[in-house]
Asks: 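One structure follows; several queries about it will come next.
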Amino acid sequence: MFPEYRDLISTLKHSDLHFTNLFNRHNELDQKIKNIESAIEVASHEAIEALKKEKLHLKDEIYAILTKAKNT
């Protein structure tokens with residue numbers, strides 16, 4: 001996710017607890033969705049859609065933090 005911000009992500013993960021929590025939650029959701037889609041875990045279609053929406057919301061929030069940090 002966001003390879004162009006790799007260095008900034010690393011910096012923020014060490015200095016911003018909120019960013020770290022968002023980033024970790026995004027990765028957890030990503031893995032859970034992959035597990036469901038691979039039939040390792042079971043979930044309803046509605047549950048999968050809710051997970052994907054939460055993941056997208058987190059990605060948007062992460063991107064907003066990255067662009068703000070880049071511009072400061």
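Note that this is a predicted model, so its numbers are computed, not measured.
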Asks: So do Glu54 and Arg25 actually touch side chain to side chain, heavy atoms under 4.5 Å?
Replies: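 They are in contact (side-chain heavy atoms under 4.5 Å apart), so the answer is yes.
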Asks: So for atom CG, which belongs to Asp7, do other residues, nucleotides or ligands contribute more than 12 heavy atoms lying within a distance under 6.0 Å?
Replies: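 At most 12 heavy atoms, drawn from other residues, nucleotides or ligands, come within 6.0 Å of this atom.
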Asks: Which value, rounded to the nearest 0.5 Å, describes the distance between Thr11 atom OG1 and Arg6 atom CZ?
Replies: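 Rounded to the nearest 0.5 Å, the OG1-CZ separation comes out at 13.0 Å.
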Asks: Does Ile33 sit in a hydrophobic cluster with other residues, and if so which ones, taking ILVMFWY side chains as linked at heavy-atom separations under 4.5 Å, directly or through other members?
Replies: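 Traced through the cluster, Ile33 reaches Met1, Phe2, Tyr5, Leu8, Ile9, Leu12, Phe19, Leu22, Phe23, Leu29, Ile36, Ile48, Leu51, Leu58, Ile62, Tyr63, Ile65, Leu66.
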Asks: Look at the side chain of Thr67 and the backbone N and O of Ala64, then say whether any donor-acceptor pair between them is shorter than 3.5 Å.
Replies: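 Checked: pair present.
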Asks: Near Lys55 NZ, under 6.0 Å, is it more than 12 heavy atoms from other residues, nucleotides or ligands?
Replies: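 Counting other residues, nucleotides and ligands, NZ of Lys55 exceeds 12 neighbours.
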Asks: Could Glu37 and Lys34 be called an ion pair, given the rule that one side-chain N must be under 4.0 Å from one carboxylate O?
Replies: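 Salt bridge absent between Glu37 and Lys34.
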Asks: Could you check Gln31 against Asn27 for side chain to side chain donor-acceptor pair (under 3.5 Å), going step by step and ending with a plain yes or no?
Replies: CA-CA 6 Å; Gln31 187 60 53; Asn27 287 338; over 6 Å; no
